[in-house]
Structure formats: structure tokens, C-alpha cells
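All values below were derived from every heavy atom in this structure, side-chain atoms included, with hydrogens, water molecules and symmetry-related copies excluded. Chain letters run A, B, ... following the sequence lines, proteins first, then strands; residues in each count from 1.
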There are 2 protein chains.
Amino acid sequence: MTKEKSRHHHGNLQAALVEAGISIIRADGLEALSLRKCAAMAGVSHAAPAHHFGNLDGLKQAIAQEAFARFTQFMRSHADAGDDTPRARLHGICLGYLAFARAEPALYAMIFCYTPNTPPADKGPNDIARDRTRGPAYQLLRETCAPFVPAGTDPVVIETQVWSLVHGFALLCQHGRLGPEPPSDETVLAMLDRIG
Amino acid sequence: MTKEKSRHHHGNLQAALVEAGISIIRADGLEALSLRKCAAMAGVSHAAPAHHFGNLDGLKQAIAQEAFARFTQFMRSHADAGDDTPRARLHGICLGYLAFARAEPALYAMIFCYTPNTPPADKGPNDIARDRTRGPAYQLLRETCAPFVPAGTDPVVIETQVWSLVHGFALLCQHGRLGPEPPSDETVLAMLDRIG
DNA sequence: GCCGAATCTTGACAGTGTAAACTTGACACT
DNA sequence: AGTGTCAAGTTTACACTGTCAAGATTCGGC
């Protein structure tokens with residue numbers, strides 16, 4: 001027999017709602033996101049999402065978490081693309097960062113607004129604790145930046161500088177603050193090379 | 001006679017609504033902003049704001065414009081604070097930037113999301129056109145960065161690098177991505193000095 | 001004094017989040 | 001089979017929001 005459509009127990013409503021939310025955000029922006037529209041798009045009653053996410057903010061956090069997962073994978077694949085030199089890896093990860101921000105502006109912005117931070121509040125300020133509090137992508141950034149840390153300087157300074165530069169550039173581009181057509185990726189790489 | 005309270009013609013409703021909106025955003029964030037709450041806070045009927053701003057987005061733009069005005073003035077005062085050396089001016093403007101972003105996180109974020117850009121679409125890519133399309137504060141940034149532009153490199157690269165770095169750092173701090181207590185201002189100045 | 005235009009009010013409607021009570025299906029246990 | 005329990009969705013209801021249309025009031029120029 002074919003799978004009967006039971007009125008209850010959607011199967012994987014949680015994922016379906018997140019997917020619906022992503023498509024709504026992609027089409028009409030974050031402001032257009034609503035619990036009821038996601039419910040309708042998933043073919044479910046309007047109050048169902050609240051059972052899974054509590055409230056609208058919960059849904060946004062779930063969407064942001066999914067977006068973060070895609071973002072890290074996207075960036076990691078870009079890091080492995082070019083040569084195996086440290087510089088090629090740094091360029092790759094940053095170009096991936098910018099490409100994702102350009103391709104998915106709304107999702108990218110959500111990652112930083114609706115993803116929880118400092119979850120476990122670990123003890124010492126060691127590397128592992130930093131990775132946890134700064135998000136799943138920080139380990140990749142740290143490894144990539146390591147070869148460019150001059151002797152005697154705190155690695156955090158370099159990591160923070162690279163991250164701030166790329167993040168700020170991505171957002172300024174996204175909001176059109178860098179002119180109608182933004183600077184080329186080569187400009188970013190040139191800025192990057194001025195650091196290391 | 002004392003000024004009679006006339007039911008119509010509030011006097012300066014436009015400004016009052018913007019002020020109400022700012023206080024709401026300061027207290028409960030951008031999400032809590034609503035036309036009706038601003039109207040109530042200004043002692044006016046619920047549909048009055050639409051007459052001045054068209055819709056909610058119009059009000060947001062007006063608030064962002066006011067926020068932008070305060071931001072530029074704030075930053076300009078910081079630029080004139082220290083010594084008259086180029087480096088002191090650069091440090092001053094960046095510290096002002098960060099101080100404003102820390103003091104008024106919601107207003108700072110609004111500036112980049114709701115302020116229109118590229119208004120006149122000027123002809124040549126000269127300095128004046130750049131100032132117009134990139135916002136009123138760009139002239140200040142350009143003047144401050146000028147002494148640090150090495151011979152033979154495009155000034156835009158330096159300006160963009162400084163702006164991206166400070167903007168990205170401010171937002172990463174704001175969202176707690178740089179740890180529970182963010183790096184000190186000296187760290188930012190150190191990063192800045194690595195550029196010039 | 002008068003008339004148009006600007007300013008604000010009132011009333012209404014659709015869409016939204018959210019809470020409560022209810023219905024249905026799945027599963028374990030006896 | 002019968003039963004209890006629990007999770008998943010539905011239904012109903014309410015307050016709040018943006019937005020529109022129509023009316024009231026006041027201002028400014030003539």
C-alpha cells in the first residue's frame with residue numbers, strides 16, 4: 001500500500017518548517033517570515049510550529065542553526081579547493097565566506113543575529129573553549145590563520161583581524177555601502193595579504 | 001494665555017515620533033518598534049504616523065537617518081579629541097566608531113540596514129561621488145586615512161580595509177562572537193597599526 | 001470671510017503571535 | 001482486547017499590528 005496520509009504525525013515537520021522558512025526568507029526577506037506562512041507551506045495548521053519551536057524566535061534560531069551548518073560546510077569546501085599552501089587556504093576560506101554572504105545574504109545575516117553564543121561557558125581561555133564560544137567555524141579559521149601568526153604575537157589578534165575584515169567587508173558590500181558594484185575579490189585578497 | 005492644546009497639529013509630530021521610536025528601540029530592540037506604540041507615546045492617534053512616513057519602513061528610515069546624524073557627529077567629535085597627529089586622528093575616529101556601536105547597538109545596526117545608499121548616482125568615480133554614495137561619514141574616513149596611503153596604492157583599498165575592519169569588529173563584538181568580554185580597544189588599535 | 005490643503009481622528013479589515021483546550025494516533029503494558 | 005500515557009496537530013480565541021478609507025479639524029493664503 002502507498003503511505004497513507006495521516007492527519008497527524010507529519011513525519012519530519014521540524015525540518016519541513018525550517019525548509020519552508022528558508023525558502024520564504026530567500027524569496028521575500030526575513031521580515032516576511034511568519035509562523036503561519038511556514039505552517040501553511042508545510043501543509044499543517046497554523047499553531048503547529050509553536051509546538052516544535054516555542055515561538056517565532058525559536059523558529060528563527062532553528063533556521064539560523066541550519067544556515068550555519070550549510071555555511072560552515074560551504075566554507076570548508078572552499079578552503080580545500082586550491083593549492084595546499086597556507087596562503088591558498090586562507091584565500092580560499094575567505095572567498096568562500098564572501099561567496100556565501102553574497103549568495104545568501106539573508107541567511108548569512110541571520111547566522112550572527114539568531115545563533116546562540118557562549119553555550120557552555122567553559123573554564124579556561126584555551127583554544128577549545130574559544131572554538132566553542134565563537135561558533136563552529138572558528139576552529140577552521142584558527143587553523144587557517146596559524147601559519148600567519150608572527151612569533152611573539154597573540155594568535156587571537158590575527159584571527160580577529162582576519163575575521164573582522166572579511167565579516168565587515170561582506171556586510172558593507174551587502175548593504176551597498178561600497179558602491180553600486182562592490183570591489184572585486186582580488187581587492188579583498190590584497191587587503192588580506194597586507195595583514196600577513 | 002498658555003498654549004492651548006489643540007487636538008490637531010501637534011507641532012512637530014515628525015520629530016516626536018522619531019524620538020519615541022528611538023526610545024522604544026533603545027528599551028526593547030528593533031523588533032518591538034511599531035507605528036502604534038510610537039503614536040501612543042507621542043500622544044496621537046494610531047494612524048497618524050502613516051501620514052508622515054507612509055509606512056513602517058518609512059519610519060525606520062527616518063529613525064536611521066537621525067541615528068546616522070548622531071553617529072557622524074559623535075565620531076567627528078572623537079576624531080578631534082586627541083593630538084593633531086594623523087595616527088591620533090585615525091585612532092580617535094575608530095574608537096568613536098566602536099564607542100557608538102557599543103553604546104547604541106540597535107541604532108548602529110539600523111544605520112546600515114535602513115539608510116538609503118547611492119542617492120544621486122553621480123557620474124565619475126571621483127572622491128565627491130564616493131562620499132555621496134557611501135554615506136555622510138565617508139568623507140571623514142577618507143581624510144583620516146589619507147596620510148596612511150602608501151605611494152602607488154589606491155586610497156580606496158586603505159579606506160575599505162579600515163572601514164571593514166572596524167565595522168566587522170563592532171558587529172562581531174555586538175553579537176558576542178568575540179567572547180563574553182570582548183577584546184580591549186587597544187587590541188583594535190594594534191590591528192589598525194598593522195595596516196598603516 | 002472663505003476655500004483648499006495639510007494634519008489628525010475614527011472605524012474597519014486582514015494578518016500575525018500566542019495561549020488554552022481538545023482530538024488523534026502510536027506505543028507500552030497488563 | 002483493553003487501558004493508560006504521551007507526543008503531535010487541530011481548533012478556538014484574543015490581543016496586537018499595519019494599512020486603508022472616510023471624516024473632522026486647523027492652518028495659510030486669498
Side-chain angles (χ1 to χ4, degrees), chain A residues 1-66 106 110 113-114, chain B residues 1-66 106 110 113-114:
Chain A
M1 70 170 187
T2 65
K3 183 184 276 184
E4 276 302 323
K5 183 88 168 199
S6 69
R7 184 126 38 215
H8 300 74
H9 289 77
H10 174 285
N12 202 345
L13 184 55
Q14 196 127 350
L17 289 171
V18 168
E19 210 56 41
I22 288 180
S23 76
I24 290 176
I25 290 174
R26 262 207 271 252
D28 301 321
L30 178 58
E31 314 262 307
L33 181 70
S34 87
L35 289 175
R36 288 171 117 106
K37 266 190 277 196
C38 289
M41 192 169 295
V44 105
S45 90
H46 70 263
H51 264 271
H52 289 275
F53 304 109
N55 51 17
L56 180 59
D57 218 68
L59 175 60
K60 285 179 180 174
Q61 284 173 237
I63 292 177
Q65 194 168 336
E66 169 64 21
M110 283 192 71
C113 294
Y114 292 100
Chain B
M1 70 168 186
T2 65
K3 182 186 279 186
E4 275 302 322
K5 183 82 166 201
S6 67
R7 183 126 38 212
H8 299 75
H9 290 76
H10 173 284
N12 202 347
L13 182 55
Q14 195 125 351
L17 289 171
V18 168
E19 209 57 42
I22 287 179
S23 79
I24 289 176
I25 290 174
R26 263 207 269 253
D28 300 321
L30 177 58
E31 313 263 307
L33 180 71
S34 86
L35 290 174
R36 287 172 118 104
K37 266 191 275 197
C38 288
M41 193 169 293
V44 103
S45 90
H46 68 263
H51 258 269
H52 288 276
F53 304 110
N55 51 18
L56 179 59
D57 217 68
L59 174 62
K60 285 179 180 173
Q61 284 174 237
I63 292 177
Q65 194 167 337
E66 168 65 22
M110 283 193 70
C113 295
Y114 293 100

Q: Starting at CG of A/D57 and ending at C1' of C/dT18, how long is that distance when rounded to a whole Å?
A: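 Those two atoms, CG and C1', are 14 Å apart.
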Q: Could you pull out the closest heavy-atom pair between B/I25 and B/A106, with the gap in Å?
A: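 Shortest heavy-atom contact: CG2-CB, 3.3 Å.
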Q: Using only side-chain N and O atoms of B/H52, determine if any of them is under 4.0 Å from OP1 or OP2 of C/dC8.
A: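 True: B/H52 side-chain N/O within range (under 4.0 Å) of C/dC8 OP1/OP2.
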Q: Just wondering, more than 12 heavy atoms not from B/E66 lying within 6.0 Å of its CD?
A: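 Yes, the 6.0 Å shell around CD holds more than 12 heavy atoms from other groups.
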Q: Return the value, rounded to whole Å, for the distance between atom CG of A/L59 and atom C1' of C/dT18.
A: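 Interatomic distance, CG of A/L59 to C1' of C/dT18: 14 Å.
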Q: I'd like a list of close polar pairs between nucleotides 22-24 of chain D and the protein, N/O only, cut-off under 3.5 Å.
A:
none

Q: Give me the atom names and distance for the closest heavy-atom approach of A/F53 to A/L59.
A: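 Between these two residues, the closest heavy atoms are CB-N, 3.5 Å.
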Q: Calculate the interatomic distance between A/F53 atom CZ and C/dA19 atom C1'; express it in whole Å.
A: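 Value for this atom pair: 18 Å.
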Q: Near B/Q65 CD, under 6.0 Å, is it more than 12 heavy atoms from other residues, nucleotides or ligands?
A: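 No, CD of B/Q65 has 12 or fewer neighbouring heavy atoms, counting only those of other groups under 6.0 Å.
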Q: Taking all heavy atoms of B/A62 and all of B/V18, pick out the closest pair and write down the distance.
A: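 Heavy-atom minimum between the residues: CB-CG2, 4.0 Å.
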Q: With a 4.5 Å heavy-atom cut-off, do A/I22 and A/R26 have their side chains touching?
A: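 Yes, their side chains come closer than 4.5 Å.
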Q: Mind calculating the distance between CD (B/E31) and P (D/dG18) to the nearest angstrom?
A: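 From B/E31 CD to D/dG18 P: 13 Å.
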Q: Heavy atoms only: give me the nearest B/A20-B/C38 pair and the separation to one decimal.
A: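 Nearest heavy atoms, B/A20 then B/C38: CB-O, 4.0 Å.
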Q: One character per nucleotide, please: for nucleotides 10-17 of chain C, 5' to 3', B when the base has a protein heavy atom closer than 4.0 Å, S when only the sugar-phosphate does, - otherwise.
A: BBB---BB
Q: Rounded to the nearest 0.5 Å, how far does CE of A/M41 lie from CD1 of A/I24?
A: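 Here the rounded value is 4.0 Å.
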